[in-house]
Number of protein chains: 2
Amino acid sequence: MRTRSGVEPDEAAGLRADAVRNRNRILEVARKLFAERGLDVPMAAVARHAGVGVATLYRRFPTRESLITEVFADQFAACVSVVDDALADPDPWRGFCTVIERVCAMQAVDRGFSAAVVAAFPGAFDVEQERDRALRGFAELTRRAKENGRLRADFAQDDLTLLLMANCGIIAATAETAPAASRRLVAYLLDGLRAVHAVPAKPLPPPVPLSLHEVFGSPRP
Amino acid sequence: MRTRSGVEPDEAAGLRADAVRNRNRILEVARKLFAERGLDVPMAAVARHAGVGVATLYRRFPTRESLITEVFADQFAACVSVVDDALADPDPWRGFCTVIERVCAMQAVDRGFSAAVVAAFPGAFDVEQERDRALRGFAELTRRAKENGRLRADFAQDDLTLLLMANCGIIAATAETAPAASRRLVAYLLDGLRAVHAVPAKPLPPPVPLSLHEVFGSPRP
DNA sequence: GGTCAAACGGACGGGGTACTCCACTTGGGC
DNA sequence: GCCCAAGTGGAGTACCCCGTCCGTTTGACC
(Lines give C-alpha, C1' and ligand atoms only; values in the text may rest on other atoms or scores of the structure.)
Protein backbone atom coordinates (compact mmCIF):
# COMPACT_ATOMS: atom_id res chain seq x y z
CA MET A 1 0.00 0.00 0.00
CA ARG A 2 1.35 3.33 -1.04
CA THR A 3 1.61 5.76 1.83
CA ARG A 4 2.40 9.41 2.22
CA SER A 5 4.16 9.40 5.55
CA GLY A 6 7.85 10.13 5.87
CA VAL A 7 9.44 13.13 4.26
CA GLU A 8 6.73 14.83 2.22
CA PRO A 9 7.67 14.12 -1.37
CA ASP A 10 5.98 16.55 -3.72
CA GLU A 11 3.47 19.02 -2.35
CA ALA A 12 5.61 20.13 0.56
CA ALA A 13 8.79 20.52 -1.50
CA GLY A 14 10.51 23.90 -1.34
CA LEU A 15 8.63 24.96 1.77
CA ARG A 16 10.33 26.45 4.74
CA ALA A 17 10.74 24.15 7.73
CA ASP A 18 8.10 25.89 9.85
CA ALA A 19 5.72 25.88 6.91
CA VAL A 20 6.08 22.13 6.53
CA ARG A 21 5.45 21.69 10.22
CA ASN A 22 2.29 23.74 10.05
CA ARG A 23 1.13 21.97 6.93
CA ASN A 24 1.44 18.63 8.65
CA ARG A 25 -0.36 19.80 11.73
CA ILE A 26 -3.17 21.11 9.57
CA LEU A 27 -3.53 17.81 7.75
CA GLU A 28 -3.43 15.86 10.97
CA VAL A 29 -6.06 17.99 12.63
CA ALA A 30 -8.25 18.11 9.54
CA ARG A 31 -8.16 14.34 9.27
CA LYS A 32 -9.42 14.01 12.81
CA LEU A 33 -12.10 16.67 12.54
CA PHE A 34 -13.39 15.40 9.21
CA ALA A 35 -13.55 11.88 10.56
CA GLU A 36 -15.57 12.95 13.58
CA ARG A 37 -17.82 15.64 12.20
CA GLY A 38 -17.95 15.20 8.46
CA LEU A 39 -16.70 17.39 5.64
CA ASP A 40 -18.42 20.62 6.56
CA VAL A 41 -16.25 21.52 9.50
CA PRO A 42 -15.59 25.28 9.37
CA MET A 43 -12.20 26.16 7.95
CA ALA A 44 -11.63 28.40 10.95
CA ALA A 45 -12.08 25.43 13.28
CA VAL A 46 -9.42 23.48 11.44
CA ALA A 47 -7.06 26.45 11.70
CA ARG A 48 -7.79 26.97 15.37
CA HIS A 49 -7.28 23.34 16.31
CA ALA A 50 -4.03 23.34 14.38
CA GLY A 51 -2.89 26.40 16.30
CA VAL A 52 -2.61 28.37 13.10
CA GLY A 53 -4.19 31.46 11.59
CA VAL A 54 -6.80 31.10 8.87
CA ALA A 55 -4.50 32.82 6.41
CA THR A 56 -1.94 30.07 6.82
CA LEU A 57 -4.55 27.45 6.19
CA TYR A 58 -5.79 29.20 3.06
CA ARG A 59 -2.28 29.77 1.75
CA ARG A 60 -1.55 26.06 1.92
CA PHE A 61 -4.99 24.91 0.81
CA PRO A 62 -6.73 27.60 -1.23
CA THR A 63 -10.01 25.68 -1.39
CA ARG A 64 -11.73 23.32 0.98
CA GLU A 65 -11.62 20.66 -1.71
CA SER A 66 -7.86 20.86 -2.00
CA LEU A 67 -7.63 20.20 1.72
CA ILE A 68 -10.06 17.33 1.52
CA THR A 69 -8.38 15.61 -1.39
CA GLU A 70 -5.01 15.87 0.30
CA VAL A 71 -6.38 14.62 3.61
CA PHE A 72 -7.97 11.55 2.05
CA ALA A 73 -5.27 10.80 -0.51
CA ASP A 74 -4.01 7.90 1.58
CA GLN A 75 -7.42 6.40 1.97
CA PHE A 76 -8.15 6.64 -1.73
CA ALA A 77 -4.83 5.01 -2.45
CA ALA A 78 -5.75 2.31 0.02
CA CYS A 79 -8.92 1.64 -1.95
CA VAL A 80 -6.88 1.05 -5.05
CA SER A 81 -4.74 -1.49 -3.30
CA VAL A 82 -7.79 -3.17 -1.82
CA VAL A 83 -8.96 -3.75 -5.37
CA ASP A 84 -5.50 -4.91 -6.42
CA ASP A 85 -5.39 -7.39 -3.56
CA ALA A 86 -8.79 -8.68 -4.52
CA LEU A 87 -7.72 -9.16 -8.12
CA ALA A 88 -4.89 -11.33 -6.84
CA ASP A 89 -7.36 -13.59 -5.02
CA PRO A 90 -7.95 -16.79 -7.00
CA ASP A 91 -11.60 -16.74 -5.94
CA PRO A 92 -13.16 -13.76 -7.71
CA TRP A 93 -16.36 -13.82 -5.66
CA ARG A 94 -14.43 -13.74 -2.43
CA GLY A 95 -12.38 -10.88 -3.88
CA PHE A 96 -15.55 -9.04 -4.84
CA CYS A 97 -16.98 -9.41 -1.33
CA THR A 98 -13.74 -8.35 0.26
CA VAL A 99 -13.56 -5.15 -1.75
CA ILE A 100 -17.04 -4.14 -0.75
CA GLU A 101 -16.61 -5.13 2.87
CA ARG A 102 -13.32 -3.34 3.27
CA VAL A 103 -14.26 -0.14 1.49
CA CYS A 104 -17.52 0.08 3.40
CA ALA A 105 -15.66 -0.51 6.63
CA MET A 106 -13.29 2.31 5.76
CA GLN A 107 -16.30 4.53 5.21
CA ALA A 108 -17.83 3.48 8.50
CA VAL A 109 -14.97 4.60 10.69
CA ASP A 110 -14.64 7.99 9.01
CA ARG A 111 -17.60 10.25 8.34
CA GLY A 112 -15.45 12.50 6.22
CA PHE A 113 -14.11 9.74 4.04
CA SER A 114 -17.58 8.34 3.71
CA ALA A 115 -18.83 11.62 2.30
CA ALA A 116 -15.71 12.16 0.24
CA VAL A 117 -16.19 8.87 -1.58
CA VAL A 118 -19.68 9.83 -2.61
CA ALA A 119 -18.75 13.42 -3.48
CA ALA A 120 -15.54 12.34 -5.25
CA PHE A 121 -14.46 15.70 -6.56
CA PRO A 122 -14.20 16.08 -10.26
CA GLY A 123 -11.05 18.04 -10.99
CA ALA A 124 -8.95 16.52 -8.26
CA PHE A 125 -6.39 14.98 -10.60
CA ASP A 126 -4.98 12.49 -8.18
CA VAL A 127 -8.25 11.29 -6.86
CA GLU A 128 -9.91 11.09 -10.23
CA GLN A 129 -7.05 9.07 -11.61
CA GLU A 130 -6.98 6.67 -8.71
CA ARG A 131 -10.71 6.33 -8.69
CA ASP A 132 -10.75 5.38 -12.35
CA ARG A 133 -8.02 2.85 -11.79
CA ALA A 134 -9.95 1.34 -8.89
CA LEU A 135 -13.13 1.28 -10.94
CA ARG A 136 -11.42 -0.46 -13.84
CA GLY A 137 -10.02 -3.06 -11.49
CA PHE A 138 -13.39 -3.55 -9.90
CA ALA A 139 -14.98 -3.96 -13.32
CA GLU A 140 -12.57 -6.76 -14.09
CA LEU A 141 -13.38 -8.32 -10.75
CA THR A 142 -17.10 -8.30 -11.42
CA ARG A 143 -16.52 -9.77 -14.86
CA ARG A 144 -14.64 -12.67 -13.34
CA ALA A 145 -17.12 -13.14 -10.53
CA LYS A 146 -19.99 -13.32 -12.99
CA GLU A 147 -18.12 -15.69 -15.24
CA ASN A 148 -17.48 -17.77 -12.16
CA GLY A 149 -21.23 -17.91 -11.60
CA ARG A 150 -21.26 -16.58 -8.06
CA LEU A 151 -22.20 -12.98 -8.80
CA ARG A 152 -25.61 -12.43 -10.30
CA ALA A 153 -25.42 -11.61 -13.99
CA ASP A 154 -27.60 -8.53 -13.82
CA PHE A 155 -25.20 -6.70 -11.51
CA ALA A 156 -24.27 -3.40 -13.13
CA GLN A 157 -21.11 -1.37 -12.70
CA ASP A 158 -23.01 1.56 -11.28
CA ASP A 159 -24.39 -0.64 -8.56
CA LEU A 160 -21.14 -0.19 -6.68
CA THR A 161 -21.89 3.51 -6.45
CA LEU A 162 -25.39 2.72 -5.33
CA LEU A 163 -24.01 0.59 -2.57
CA LEU A 164 -21.53 3.17 -1.40
CA MET A 165 -24.21 5.83 -1.32
CA ALA A 166 -26.43 3.58 0.75
CA ASN A 167 -23.61 2.86 3.14
CA CYS A 168 -22.89 6.55 3.38
CA GLY A 169 -26.50 7.15 4.33
CA ILE A 170 -26.19 4.76 7.23
CA ILE A 171 -22.98 6.31 8.43
CA ALA A 172 -24.43 9.80 8.25
CA ALA A 173 -27.46 8.77 10.32
CA THR A 174 -25.56 6.79 12.86
CA ALA A 175 -23.02 7.59 15.57
CA GLU A 176 -20.75 5.15 17.29
CA THR A 177 -22.73 2.18 15.95
CA ALA A 178 -21.83 3.04 12.36
CA PRO A 179 -19.38 0.19 11.81
CA ALA A 180 -21.77 -2.43 13.15
CA ALA A 181 -24.70 -1.03 11.20
CA SER A 182 -22.65 -0.84 8.04
CA ARG A 183 -21.50 -4.44 8.40
CA ARG A 184 -25.06 -5.59 8.65
CA LEU A 185 -26.19 -3.66 5.58
CA VAL A 186 -23.27 -5.01 3.61
CA ALA A 187 -24.06 -8.55 4.66
CA TYR A 188 -27.65 -8.20 3.42
CA LEU A 189 -26.53 -6.63 0.18
CA LEU A 190 -23.88 -9.21 -0.58
CA ASP A 191 -26.49 -11.84 0.06
CA GLY A 192 -28.71 -10.10 -2.45
CA LEU A 193 -25.87 -9.97 -4.95
CA ARG A 194 -25.16 -13.69 -4.92
CA ALA A 195 -26.35 -15.66 -7.86
CA VAL A 196 -28.77 -17.94 -6.11
CA HIS A 197 -29.75 -21.09 -7.92
CA ALA A 198 -32.93 -21.35 -5.98
CA VAL A 199 -36.04 -19.51 -7.09
CA PRO A 200 -34.88 -16.26 -8.64
CA ALA A 201 -36.76 -13.32 -7.20
CA LYS A 202 -38.49 -10.84 -9.44
CA PRO A 203 -36.28 -9.39 -12.15
CA LEU A 204 -34.20 -6.42 -11.07
CA PRO A 205 -35.34 -2.94 -12.01
CA PRO A 206 -33.11 -1.48 -14.74
CA PRO A 207 -29.68 -0.23 -13.72
CA VAL A 208 -29.22 3.46 -13.08
CA PRO A 209 -26.35 5.46 -14.52
CA LEU A 210 -24.85 7.21 -11.51
CA SER A 211 -21.94 9.54 -11.53
CA LEU A 212 -20.05 9.66 -8.29
CA HIS A 213 -20.30 13.40 -8.12
CA GLU A 214 -23.74 14.39 -9.20
CA VAL A 215 -24.22 15.37 -5.61
CA PHE A 216 -23.27 18.82 -6.71
CA GLY A 217 -25.93 18.83 -9.41
CA SER A 218 -28.90 19.29 -7.11
CA PRO A 219 -30.77 22.35 -8.37
CA ARG A 220 -31.03 25.27 -5.96
CA PRO A 221 -33.07 28.01 -7.67
CA MET B 1 -56.01 6.72 4.25
CA ARG B 2 -56.55 9.56 6.63
CA THR B 3 -56.07 12.94 5.00
CA ARG B 4 -55.86 16.50 6.20
CA SER B 5 -57.43 18.30 3.28
CA GLY B 6 -60.78 19.97 3.55
CA VAL B 7 -61.59 22.24 6.47
CA GLU B 8 -58.64 22.16 8.81
CA PRO B 9 -59.82 20.25 11.83
CA ASP B 10 -57.70 21.03 14.83
CA GLU B 11 -54.61 23.15 14.42
CA ALA B 12 -56.28 25.86 12.37
CA ALA B 13 -59.33 26.13 14.62
CA GLY B 14 -60.14 29.59 15.95
CA LEU B 15 -57.96 31.31 13.40
CA ARG B 16 -59.17 34.25 11.40
CA ALA B 17 -60.03 33.52 7.77
CA ASP B 18 -56.98 35.27 6.35
CA ALA B 19 -54.75 33.52 8.87
CA VAL B 20 -56.04 30.15 7.76
CA ARG B 21 -55.42 31.10 4.15
CA ASN B 22 -51.84 32.06 4.89
CA ARG B 23 -51.27 28.97 6.96
CA ASN B 24 -52.33 26.78 4.08
CA ARG B 25 -50.19 28.62 1.59
CA ILE B 26 -47.21 28.20 3.89
CA LEU B 27 -47.79 24.47 4.22
CA GLU B 28 -48.26 24.07 0.49
CA VAL B 29 -45.11 25.97 -0.36
CA ALA B 30 -43.07 24.29 2.37
CA ARG B 31 -44.13 20.89 1.10
CA LYS B 32 -42.85 21.72 -2.35
CA LEU B 33 -39.58 23.29 -1.22
CA PHE B 34 -38.80 20.50 1.23
CA ALA B 35 -39.48 17.91 -1.44
CA GLU B 36 -37.14 19.57 -3.90
CA ARG B 37 -34.34 20.83 -1.71
CA GLY B 38 -34.47 18.91 1.54
CA LEU B 39 -35.24 19.98 5.07
CA ASP B 40 -32.73 22.79 5.41
CA VAL B 41 -34.50 25.30 3.23
CA PRO B 42 -34.16 28.74 4.86
CA MET B 43 -37.28 29.77 6.73
CA ALA B 44 -37.14 33.10 4.92
CA ALA B 45 -37.37 31.28 1.59
CA VAL B 46 -40.51 29.50 2.70
CA ALA B 47 -42.02 32.80 3.79
CA ARG B 48 -41.06 34.57 0.58
CA HIS B 49 -42.45 31.85 -1.69
CA ALA B 50 -45.65 31.86 0.31
CA GLY B 51 -45.94 35.62 -0.17
CA VAL B 52 -45.83 36.17 3.57
CA GLY B 53 -43.57 37.90 6.08
CA VAL B 54 -41.23 35.85 8.22
CA ALA B 55 -43.09 36.93 11.35
CA THR B 56 -46.25 35.28 10.06
CA LEU B 57 -44.40 32.07 9.42
CA TYR B 58 -42.86 32.06 12.89
CA ARG B 59 -46.15 32.90 14.59
CA ARG B 60 -47.80 29.86 12.99
CA PHE B 61 -44.80 27.55 13.28
CA PRO B 62 -42.50 28.66 16.09
CA THR B 63 -39.86 26.10 15.24
CA ARG B 64 -38.72 24.55 12.03
CA GLU B 65 -39.60 21.15 13.43
CA SER B 66 -43.19 22.14 14.04
CA LEU B 67 -43.43 23.11 10.39
CA ILE B 68 -41.82 19.90 9.24
CA THR B 69 -44.00 17.62 11.31
CA GLU B 70 -47.13 19.37 10.11
CA VAL B 71 -46.00 19.27 6.49
CA PHE B 72 -45.31 15.55 6.57
CA ALA B 73 -48.20 14.51 8.76
CA ASP B 74 -50.08 13.15 5.75
CA GLN B 75 -47.14 11.13 4.56
CA PHE B 76 -46.56 9.64 8.00
CA ALA B 77 -50.22 8.73 8.17
CA ALA B 78 -49.90 7.15 4.75
CA CYS B 79 -47.11 4.97 6.08
CA VAL B 80 -49.40 3.68 8.76
CA SER B 81 -52.01 2.71 6.25
CA VAL B 82 -49.40 1.09 4.03
CA VAL B 83 -48.61 -1.17 6.96
CA ASP B 84 -52.29 -1.76 7.63
CA ASP B 85 -52.86 -2.74 4.02
CA ALA B 86 -49.94 -5.12 4.17
CA LEU B 87 -51.30 -6.75 7.31
CA ALA B 88 -54.50 -7.43 5.39
CA ASP B 89 -52.59 -9.29 2.68
CA PRO B 90 -52.93 -13.07 3.13
CA ASP B 91 -49.32 -13.49 1.97
CA PRO B 92 -47.17 -11.96 4.72
CA TRP B 93 -43.97 -11.99 2.65
CA ARG B 94 -45.65 -10.09 -0.13
CA GLY B 95 -46.97 -7.69 2.46
CA PHE B 96 -43.52 -7.25 3.91
CA CYS B 97 -42.03 -6.48 0.51
CA THR B 98 -44.82 -4.09 -0.33
CA VAL B 99 -44.30 -2.07 2.82
CA ILE B 100 -40.62 -1.63 2.14
CA GLU B 101 -41.11 -0.91 -1.53
CA ARG B 102 -43.81 1.64 -0.96
CA VAL B 103 -42.20 3.49 1.90
CA CYS B 104 -38.90 3.65 0.07
CA ALA B 105 -40.68 4.91 -3.02
CA MET B 106 -42.32 7.62 -0.94
CA GLN B 107 -38.90 8.61 0.30
CA ALA B 108 -37.50 8.64 -3.21
CA VAL B 109 -39.89 11.22 -4.57
CA ASP B 110 -39.45 13.59 -1.66
CA ARG B 111 -36.04 14.56 -0.32
CA GLY B 112 -37.65 16.21 2.66
CA PHE B 113 -39.76 13.23 3.63
CA SER B 114 -36.77 11.00 3.14
CA ALA B 115 -34.80 13.01 5.67
CA ALA B 116 -37.79 13.42 7.97
CA VAL B 117 -38.25 9.67 8.25
CA VAL B 118 -34.70 9.23 9.39
CA ALA B 119 -34.75 12.25 11.67
CA ALA B 120 -38.20 11.39 13.05
CA PHE B 121 -38.44 14.06 15.70
CA PRO B 122 -38.77 12.97 19.24
CA GLY B 123 -41.37 15.15 20.88
CA ALA B 124 -43.64 15.42 17.88
CA PHE B 125 -46.65 13.83 19.52
CA ASP B 126 -48.48 12.94 16.39
CA VAL B 127 -45.56 11.58 14.54
CA GLU B 128 -44.17 9.60 17.40
CA GLN B 129 -47.51 8.00 18.02
CA GLU B 130 -48.05 7.09 14.40
CA ARG B 131 -44.54 5.86 14.03
CA ASP B 132 -44.94 3.52 16.95
CA ARG B 133 -48.18 2.20 15.57
CA ALA B 134 -46.54 1.59 12.20
CA LEU B 135 -43.59 -0.10 13.86
CA ARG B 136 -45.83 -2.39 15.87
CA GLY B 137 -47.71 -3.37 12.74
CA PHE B 138 -44.51 -3.97 10.90
CA ALA B 139 -43.24 -6.15 13.77
CA GLU B 140 -46.33 -8.30 13.46
CA LEU B 141 -45.76 -8.51 9.72
CA THR B 142 -42.19 -9.70 10.11
CA ARG B 143 -43.30 -12.25 12.67
CA ARG B 144 -45.76 -13.71 10.21
CA ALA B 145 -43.32 -13.58 7.32
CA LYS B 146 -40.71 -15.46 9.30
CA GLU B 147 -43.26 -18.00 10.47
CA ASN B 148 -44.22 -18.42 6.86
CA GLY B 149 -40.61 -19.23 6.07
CA ARG B 150 -40.06 -16.60 3.42
CA LEU B 151 -38.27 -13.99 5.53
CA ARG B 152 -34.91 -14.97 6.95
CA ALA B 153 -35.10 -15.73 10.64
CA ASP B 154 -32.22 -13.49 11.62
CA PHE B 155 -33.97 -10.35 10.42
CA ALA B 156 -34.13 -7.87 13.30
CA GLN B 157 -36.65 -5.13 13.92
CA ASP B 158 -34.01 -2.44 13.71
CA ASP B 159 -33.07 -3.60 10.25
CA LEU B 160 -36.00 -1.62 8.92
CA THR B 161 -34.35 1.52 10.18
CA LEU B 162 -31.09 0.42 8.65
CA LEU B 163 -32.82 0.02 5.35
CA LEU B 164 -34.52 3.38 5.47
CA MET B 165 -31.26 5.10 6.33
CA ALA B 166 -29.56 3.43 3.40
CA ASN B 167 -32.35 4.47 1.10
CA CYS B 168 -32.10 7.99 2.43
CA GLY B 169 -28.41 8.01 1.59
CA ILE B 170 -29.15 7.16 -2.00
CA ILE B 171 -31.79 9.80 -2.29
CA ALA B 172 -29.54 12.45 -0.79
CA ALA B 173 -26.77 11.65 -3.24
CA THR B 174 -28.97 11.44 -6.28
CA ALA B 175 -31.07 13.87 -8.26
CA GLU B 176 -33.80 12.98 -10.71
CA THR B 177 -32.68 9.35 -10.81
CA ALA B 178 -33.52 8.86 -7.14
CA PRO B 179 -36.62 6.72 -7.67
CA ALA B 180 -34.90 4.37 -10.09
CA ALA B 181 -31.82 4.09 -7.91
CA SER B 182 -33.93 3.47 -4.84
CA ARG B 183 -35.92 0.74 -6.59
CA ARG B 184 -32.72 -1.05 -7.48
CA LEU B 185 -31.34 -0.89 -3.97
CA VAL B 186 -34.59 -2.16 -2.55
CA ALA B 187 -34.65 -5.03 -5.00
CA TYR B 188 -31.18 -6.12 -3.94
CA LEU B 189 -32.03 -5.80 -0.28
CA LEU B 190 -35.26 -7.71 -0.50
CA ASP B 191 -33.38 -10.42 -2.30
CA GLY B 192 -30.93 -10.47 0.57
CA LEU B 193 -33.78 -10.67 3.05
CA ARG B 194 -35.39 -13.74 1.55
CA ALA B 195 -34.89 -17.01 3.34
CA VAL B 196 -33.02 -18.89 0.63
CA HIS B 197 -32.94 -22.63 0.92
CA ALA B 198 -29.80 -22.86 -1.16
CA VAL B 199 -26.39 -22.47 0.42
CA PRO B 200 -26.79 -20.07 3.32
CA ALA B 201 -24.20 -17.30 3.15
CA LYS B 202 -22.04 -16.45 6.13
CA PRO B 203 -23.98 -15.74 9.30
CA LEU B 204 -25.16 -12.17 9.63
CA PRO B 205 -23.25 -9.77 11.87
CA PRO B 206 -25.19 -9.06 15.08
CA PRO B 207 -28.16 -6.69 14.86
CA VAL B 208 -27.66 -3.06 15.79
CA PRO B 209 -30.03 -1.18 18.08
CA LEU B 210 -30.85 1.96 16.13
CA SER B 211 -33.05 4.75 17.24
CA LEU B 212 -34.68 6.65 14.45
CA HIS B 213 -33.50 9.94 15.83
CA GLU B 214 -29.97 9.53 16.99
CA VAL B 215 -29.11 11.76 14.09
CA PHE B 216 -29.24 14.58 16.57
CA GLY B 217 -26.85 12.77 18.85
CA SER B 218 -23.73 13.42 16.80
CA PRO B 219 -21.30 15.16 19.14
CA ARG B 220 -20.22 18.64 18.13
CA PRO B 221 -17.64 19.80 20.70
C1' DG C 1 24.90 38.77 12.57
C1' DG C 2 22.42 40.87 8.71
C1' DT C 3 19.10 40.69 5.08
C1' DC C 4 14.88 39.72 2.83
C1' DA C 5 11.55 36.85 0.88
C1' DA C 6 8.68 33.55 2.78
C1' DA C 7 5.53 32.72 6.20
C1' DC C 8 2.52 34.21 9.70
C1' DG C 9 -1.91 35.70 12.38
C1' DG C 10 -5.72 38.30 13.22
C1' DA C 11 -8.80 41.82 11.78
C1' DC C 12 -12.10 42.79 8.40
C1' DG C 13 -15.76 43.06 4.66
C1' DG C 14 -19.37 40.48 2.48
C1' DG C 15 -23.06 37.27 2.51
C1' DG C 16 -26.28 34.41 4.57
C1' DT C 17 -29.52 32.58 8.26
C1' DA C 18 -32.39 32.38 12.71
C1' DC C 19 -35.42 34.78 15.27
C1' DT C 20 -37.66 39.23 17.43
C1' DC C 21 -39.88 43.71 17.73
C1' DC C 22 -43.09 47.03 16.58
C1' DA C 23 -45.88 50.18 13.99
C1' DC C 24 -49.53 49.39 10.81
C1' DT C 25 -53.69 46.80 8.70
C1' DT C 26 -57.88 44.12 8.70
C1' DG C 27 -61.48 40.62 9.73
C1' DG C 28 -65.60 40.00 12.01
C1' DG C 29 -68.69 40.56 16.04
C1' DC C 30 -71.71 44.27 17.57
C1' DG D 1 -70.21 51.46 10.12
C1' DC D 2 -67.22 51.05 14.49
C1' DC D 3 -63.92 49.03 17.07
C1' DC D 4 -60.19 46.26 18.67
C1' DA D 5 -57.90 42.11 19.09
C1' DA D 6 -55.86 39.22 15.87
C1' DG D 7 -52.96 39.36 12.24
C1' DT D 8 -49.33 41.19 9.31
C1' DG D 9 -44.77 42.67 6.99
C1' DG D 10 -40.37 44.23 7.13
C1' DA D 11 -36.60 46.23 9.51
C1' DG D 12 -33.41 45.06 13.01
C1' DT D 13 -30.17 42.12 15.98
C1' DA D 14 -27.17 38.54 16.66
C1' DC D 15 -24.91 34.94 14.94
C1' DC D 16 -21.69 32.07 11.89
C1' DC D 17 -18.96 31.32 7.95
C1' DC D 18 -15.95 32.39 3.87
C1' DG D 19 -11.99 34.35 1.92
C1' DT D 20 -8.66 38.45 1.73
C1' DC D 21 -5.60 42.13 3.16
C1' DC D 22 -1.83 43.85 5.59
C1' DG D 23 1.48 44.83 9.18
C1' DT D 24 4.65 41.80 11.69
C1' DT D 25 7.74 37.79 12.48
C1' DT D 26 11.14 34.35 11.21
C1' DG D 27 13.81 30.82 8.67
C1' DA D 28 17.63 30.33 5.67
C1' DC D 29 21.28 31.85 3.04
C1' DC D 30 25.29 34.92 2.83
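Values reported hereafter were calculated over all heavy atoms of this structure, with side chains retained and with hydrogens, waters and symmetry mates removed. The chains referred to below are lettered A, B, ... by the order of the sequence lines, with proteins before strands, and numbering in each begins at 1.
Nearest heavy atom pair, residue A:F155 against residue A:D159, reads CE1-CB, 3.4 Å. A pairwise comparison of heavy atoms in A:Q107 and A:S114 identifies NE2-O, 3.3 Å as the closest pair. Annotation for A:D154 and B:Y188: closest pair O-OH, 3.9 Å, computed over non-hydrogen atoms.
Residue order along DNA chain C, read from the 5' end via each residue's closest nucleotide, puts B:Y58 first among B:Y58 and B:A17. The residue among A:L15 and B:N22 whose nearest nucleotide of DNA chain D is located toward the 5' end is B:N22.
Side-chain rings of B:F96 and B:F138 approach one another, their centers coming within less than 6.0 Å.
Going from atom CG of B:N22 over to atom CD1 of B:I26 covers 6.0 Å, rounded to the nearest 0.5 Å.
Distance CG (A:L67) to C1' (D:dC18): 14 Å, rounded to an integer number of Å. Protein atom CD1 of B:I26 is 9 Å distant from nucleotide atom P of D:dG9, rounded to whole Å. Regarding A:R16, its CZ atom lies at a distance of 14 Å from the P atom of D:dT25, rounded to whole Å.
Counting 5' to 3', DNA chain C first comes under 4.0 angstrom of a heavy atom of chain B and last does so at the ends given by C:dT17 to C:dG28.
Under 4.0 Å is where a charged nitrogen must lie from a carboxylate oxygen, and between B:R133 and B:E130 no such pair does.
Within the 4.0 Å cut-off from OP1 or OP2 of D:dT8, at least one side-chain nitrogen or oxygen of B:R59 is found.
Contacts of B:R64 with the nucleic acid, taken as non-hydrogen atoms under 4.0 Å apart, involve only primed sugar atoms and P, OP1 or OP2. Among the atoms of the strands shown, none is found under 4.0 Å from any heavy atom of A:R21.
If you check residues 42-57 of chain B against DNA chain C, the residues with a heavy atom closer than 4.0 Å are B:P42, B:M43, B:V54, B:A55, listed by number.
Looking at B:L27 and B:F61, their side chains come closer than 4.5 Å, going by heavy atoms from C-beta outward.
Using a distance-only test at 3.5 Å, with no hydrogens or angles considered, a donor-acceptor pair links the side chain of B:R64 to the main chain of B:L39.
Legend: residues meeting side-chain hydrogen bond (donor to acceptor under 3.5 Å, both in side chains) with B:Q157, ordered by chain and number and at least two apart, are B:T142.
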